[in-house]
*Asks:* 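The structure's right below; bear with me while I get my questions together.
Below, chains carry the letters A, B, ... as their sequence lines are ordered, and counting in each starts from 1.
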2 protein chains.
Amino acid sequence: MEEILDQIADVFRRHGYEGATLSRLSAATGLGRASLYHHFPDGKADMAQAVAAHMSQNVMKQIFSRLEGEGSTRQKLEGFASGIIEFYDGGAKNCFLAAMTLTGGNTVLAEPMQRSVTRWIEKVSRILLEAGAEEKVALRRARMTVERIQGALIVARSLNDPQSFETTVRELPDMLLQGLE
Amino acid sequence: MEEILDQIADVFRRHGYEGATLSRLSAATGLGRASLYHHFPDGKADMAQAVAAHMSQNVMKQIFSRLEGEGSTRQKLEGFASGIIEFYDGGAKNCFLAAMTLTGGNTVLAEPMQRSVTRWIEKVSRILLEAGAEEKVALRRARMTVERIQGALIVARSLNDPQSFETTVRELPDMLLQGLE
DNA sequence: GTCTATATAGGGATAGAC
DNA sequence: GTCTATCCCTATATAGAC
């Protein structure tokens, strides 16, 4: 089931909501169209929601977990950056929620999207507060972090240069810690 | 024809390439499906290309033009920010090319997209060079500008808060001129 | 230059056998 | 839990009248 969700997620990320046809989803999972309806009775909308929940868990495990535990703030942020690069496969994979924004899955996914962005900003700003940043600064830098990650994915795809995504993400710890250590 | 292209562009920006059905395009323009084929013999792919060229001109007129002529670098950059906010309707409208990236118009639009991003980076870095920035700094800040604009559009849409887009764009001149005046 | 009508393919979704 | 077969709808695209 984990594997099916990953395969479905890939299709959504590559083609957007409208472009994720049952044929493509069927091909990606190796399941017949009808079998997909066994797992997801409400069809595509169902799959999109399941994938959103699945991705949210993965982000927690692979990215946010790096901000907790031992180590200096800088070490945590560098782990955070590594987690992001892994998660987006070095810039080769799109953000699922960003892909949904631009293709009409909006209605069903509006809440998950909002909560996801809010959580990113909270997590990043919290660690900056702990490092001694003022609240305004922490919030501004956290928002900037999310913007740059999303933007860097688009730029990397436009330039057909995934490396530029990695470059941007590796810059984040320095930007976030400016004047704090 | 200008008007038709604007109407078509809106559909692509709202629904992405796959979501821009001929029915929607027909409704948006007031033209019958068949009439659209009169103007764009190759159908959707044709429209997407025409819109890309049209948008490129608009960006030139409404945004990049602000970086030329009289005034201090700061004044130019503030005009630039205003142009961006107008162009994206205060964060309410998506970027056409970003919408295409995530929905399969890729093949046809790969080159326009690449040229567009490259031009943004060139234009912004050039004005920083003129203001005395080192080349590395200018390029990094220019890339960051494009990333933040793209990212801010996604964040604004996710949070259902167009205002946050405007806030980010208004921050750009300060960020770009840091240490240069 | 716009329309009606239509051809053909593929979309999402369900029934029922195994 | 997966399949084949099928339904209905919408999509893209074209022909030809006006």
Side-chain angles (χ1 to χ4, degrees), chain A residues 1-54 94 96-97 99-110 112, chain B residues 1-54 94 96-97 99-110 112:
Chain A
M1 187 57 171
E2 287 273 305
E3 201 186 349
I4 294 180
L5 283 173
D6 282 331
Q7 293 159 332
I8 292 175
D10 264 0
V11 176
F12 278 118
R13 287 165 87 162
R14 253 203 286 283
H15 301 284
Y17 187 80
E18 312 248 13
T21 64
L22 288 186
S23 301
R24 289 205 245 246
L25 292 163
S26 171
T29 56
L31 294 174
R33 269 184 281 266
S35 300
L36 288 172
Y37 279 92
H38 173 76
H39 295 283
F40 308 96
D42 290 337
K44 266 172 73 166
D46 226 349
M47 296 185 218
Q49 272 187 304
V51 167
H54 178 58
N94 287 319
F96 168 73
L97 288 176
M100 294 302 99
T101 330
L102 297 176
T103 53
N106 313 34
T107 5
V108 188
L109 294 171
Chain B
M1 187 57 171
E2 287 274 304
E3 200 185 350
I4 294 181
L5 282 172
D6 282 331
Q7 292 159 333
I8 291 175
D10 264 1
V11 176
F12 278 118
R13 286 165 88 161
R14 252 205 286 285
H15 300 284
Y17 187 80
E18 312 249 12
T21 65
L22 288 185
S23 301
R24 289 204 245 247
L25 292 163
S26 171
T29 55
L31 295 174
R33 272 182 282 270
S35 300
L36 288 172
Y37 279 93
H38 173 75
H39 295 283
F40 307 97
D42 289 338
K44 268 172 70 166
D46 226 350
M47 297 184 217
Q49 272 186 305
V51 168
H54 178 58
N94 287 320
F96 168 73
L97 287 176
M100 294 303 99
T101 330
L102 298 175
T103 53
N106 313 34
T107 4
V108 189
L109 294 171

*Asks:* In whole angstrom, what separates B:Phe40's CZ from D:dT14's C1'?
*Replies:*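 Checked: the CZ to C1' distance equals 18 Å.
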*Asks:* Could you tell me whether A:Ser35 contacts a base, only the sugar-phosphate backbone, or nothing, with contacts defined as non-hydrogen atoms closer than 4.0 Å?
*Replies:*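 Base, at least one base atom sits under 4.0 Å.
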*Asks:* How close do B:Arg33 and B:Ser23 get, counting heavy atoms only, and between which atoms?
*Replies:* NH1-OG, 3.1 Å
*Asks:* Does a side-chain N or O of A:Ser23 approach OP1 or OP2 of C:dG11 to a distance below 4.0 Å, or not?
*Replies:*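 Indeed, a polar side-chain atom of A:Ser23 lies that close.
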*Asks:* Just to be sure I understand the rule, does A:Ala45 reach a base, reach only the sugar-phosphate, or reach nothing, if contact means heavy atoms closer than 4.0 Å?
*Replies:*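 No contact.
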*Asks:* Expressed in angstrom and rounded to an integer, what is the separation of A:Leu25 atom CG from C:dG10 atom P?
*Replies:* 17 Å
*Asks:* Could you give the distance from OG (B:Ser26) to CZ (B:Arg24), rounded to the nearest 0.5 Å?
*Replies:*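 Between atom OG of B:Ser26 and atom CZ of B:Arg24 there are 12.5 Å.
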*Asks:* A:Ala34 or A:Thr21: which one's nearest nucleotide on DNA chain C is closer to the 5' end?
*Replies:*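 Between the two, 5'-proximity favours A:Thr21.
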*Asks:* Is the shortest side-chain N/O distance from A:Tyr37 to OP1 or OP2 of C:dA13 below 4.0 Å?
*Replies:* yes
*Asks:* Which pairs would a plain distance check flag for residues 37-52 of chain A, meaning a side-chain donor or acceptor within less than 3.5 Å of a matching protein atom at least two apart in sequence or in another chain?
*Replies:*
residue, atom, partner, partner atom, Å
A:Lys44, NZ, A:Tyr17, O, 2.8
A:Lys44, NZ, A:Ala20, O, 3.3
A:Asp46, OD2, A:Asp42, N, 2.9

*Asks:* Once you round to the nearest 0.5 Å, how far does CG of A:Leu102 lie from CG of A:Leu97?
*Replies:* 11.0 Å
*Asks:* Let me know the distance between CE of B:Met47 and C1' of D:dA11, rounded to the nearest Å.
*Replies:*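 In whole Å, D:dA11 C1' lies 12 Å from B:Met47 CE.
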*Asks:* Taking CD from A:Glu18 and C1' from C:dG10, how many angstroms apart are they, rounded to a whole number?
*Replies:*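 About 15 Å, once rounded to whole Å.
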*Asks:* What is the separation between atom CG on B:Asp46 and atom C1' on D:dT12, rounded to the nearest whole Å?
*Replies:*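 B:Asp46 atom CG is separated from D:dT12 atom C1' by 14 Å.
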*Asks:* Report the distance from atom CZ of B:Arg33 to atom C1' of D:dA11, rounded to the nearest whole Å.
*Replies:* 9 Å
*Asks:* B:Gly32 or A:Lys44: which one's nearest nucleotide on DNA chain C is closer to the 5' end?
*Replies:* B:Gly32
*Asks:* If I take atom NE2 in residue A:His15 and atom P in nucleotide C:dG12, what distance separates them, rounded to the nearest angstrom?
*Replies:*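 So the NE2-P distance, A:His15 to C:dG12, works out to 12 Å.
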*Asks:* Tell me the closest heavy-atom pair linking A:Gln7 and A:Ala28, and the distance in Å.
*Replies:*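 That would be CD-O, 3.6 Å.
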*Asks:* Check the distance between C:dC3's P and B:Leu31's CG and give it to me in whole angstrom.
*Replies:*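 Roughly 6 Å, once rounded to whole Å.
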*Asks:* Counting just side-chain N and O atoms, does A:His38 come under 4.0 Å of either OP1 or OP2 of C:dT14?
*Replies:* no
